[in-house]
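Heads up, the thing below is written out as structure tokens.
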Amino acid sequence: MRRAGRAELCQGTCSGRRSEGILISVADGTDESRRADTSVRRPTSHHALRNEGDERLRWLRDRGAVSSSPDFAGRQVVRRPDLLWRYASGAVLVLRPGSNDLLELDGTAVDLWHALEVPRTVDEVSSTLSARYGAHPAEVASDVREALAVLTERDIVQVVE
Amino acid sequence: MSRPPDDTRHTLRSIASVGLDMSTCLPPEQPLTDDEWDQILTSAVRERITGLLAYALDAGMLPATEPQHAAAHRVHAAALRTCLVLEDQLLAVSAALDRAGVDVRVLKGPAVAHLDYDDPSMRTFGDIDLLVRSEQYDDAIRVLVSTGRTRRYREPRPGFDRRFGKGVCLVAPSGLETDLHRTFVMGAYGLWLDLEAVWSSSETFVIGGRQLQALGPEGRFLHACYHTALGDAMPRLAQLRDVAQLLHRPQRAVDIRAALDLARAWRGEAVLARAVRLTWDAHGLRDHWLSEWANGYRPRPLEARALRTYLDPDMGYAARSLVAARAVRGWRAKAAFTWALAFPDRSYGAGRHAGRWRRWRSALGQLRRLHRRNAR
């Protein structure tokens, strides 16, 4: 398990900077995409946006990772029940049925995956993760929202209506 | 398939045996050299035991350097990706068959991975195998062909597969294969099976939120034995582990005596005995009444002749079919079986034989060798 670091969401093969906070990484699972994804890594300049969640979401939207910002306020989220997945030594590989959209959840994203087995609000998920990693709930909530935005966009997680 | 050196083979066997209480096969105490590790990884992929390798590493049962650990997890993740893609195909195929009212039992990899191992990640697989009823066999093929899949080989004559065949391999445009089975194996042992009994029990498992049916525990155990004993001259370690795993599982354990009774009714005792002997040998399992029975079992002459047609490298389809003709019930059916194989449609055998005459010559050669070996 990666040690607690600053919350960050990665699209592609994020190497994961080890700063303060927790790291929530979401990587495409195929070898081909792993190679290709080095080109969609966030540029160095993203460091300037680290504490501005909206800016980061905009950055992801610009690159097609997120098309819109789902509103999670007060709503429960849960992983889709029809996903195909496997544990792979500390990571989770996820495939959406009928797609080639293979994701690899690593590090704290695995804890997020566990937390989403049953419907929970962002606050509930955040408090679980912050208790586990000893990080501030508000910081964790921001990162959880970002991760959920990507997972919702990829149709891995759904908002319970 | 080339056999790895003895040390590598021993390490592979110990990896394939992790978590089996009955096993005396212990992993090495020191990390292997990088060259040895490369051999282990290559063989683990071929033997489909990368899940057990990852389990052994994560549990600290197998010493390895950090780079070796990382390399093992890479190959295992690649194997798991294949499993997920195959499960996606399984869901699509089973949904199409379900819509057409075709009953299906999932065989081998996905079924045992989800039902018989603590974590399905421990059992990887490379294709999808489904069992369908004889009376629905042609419908099942029609459904899969309508989804864009094509038969790998044609049947000798129309209706042959439904009456006498083991199954057919259907290839999707993506190249992924689905094996549609009517019985466990081709030849006499497949025809001796009581398919009503095979279908009489089942167990449910869930993939991607969808319920699927596998054979019951005894059926899965016997199918694993048939596959291990008759499938390949040197069965994969994953197949051998399946046999051991089905005996090892603590809940809903296989009723070994019931399985033995079924094997006896199907004239499959020699198959069961061979699978048990191979499994005990591969995993170094401690003695058990079943292994003592297997070691003491002496096949009857017809069983021995049938077994020879599967195991002798000089034997093939023709030799197996000659013995299988005796297993076909009824004179009219025997005649239809023999006629179809002796005088198949012109398109049959395309790609496997250079022509009809070559096919006949190859068959006659096999039958001569079978006769000589039986006479001995």
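All figures in this text were calculated on a predicted structure; none of them were measured in a lab. Residue numbers start from 1 in every chain, and the chains themselves are labelled A, B, ... in the order their sequence lines are given, proteins ahead of strands.
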>> For a quick test of reading the model, state the closest non-hydrogen atom pair linking Asp88(B) to Gly98(A) and the distance between them.
In response: OD1-N, 2.8 Å
>> With chain A as the partner, which of Ala54(B), Ala77(B), Gly209(B), Pro120(B) has the greatest number of non-hydrogen pairs under 4.5 Å?
In response: Pro120(B)
> What residue, out of Ala88(A), Ala91(A), Pro97(A), has the most heavy-atom pairs lying under 4.5 Å from chain B?
Replying inline: Pro97(A)
> When you check the gap from the basic side-chain N to the acidic O, do Arg86(A) and Glu104(A) get nearer than 4.0 Å?
Replying inline: no
> Between Leu91(B) and chain A, which part of the residue has a heavy atom less than 4.5 Å away: side chain, backbone, both or neither?
Replying inline: side chain
> What part of His69(B) is in contact with chain A, defined as an atom under 4.5 angstrom from a non-hydrogen atom: side chain, backbone, both or neither?
Replying inline: neither
> Are Asp98(B) and Arg210(B) ion-paired here, with the side-chain N under 4.0 Å from a carboxylate O?
Replying inline: yes
>> Ring centres under 6.0 Å, that's the criterion: do His114(A) and Tyr87(A) meet it?
In response: yes
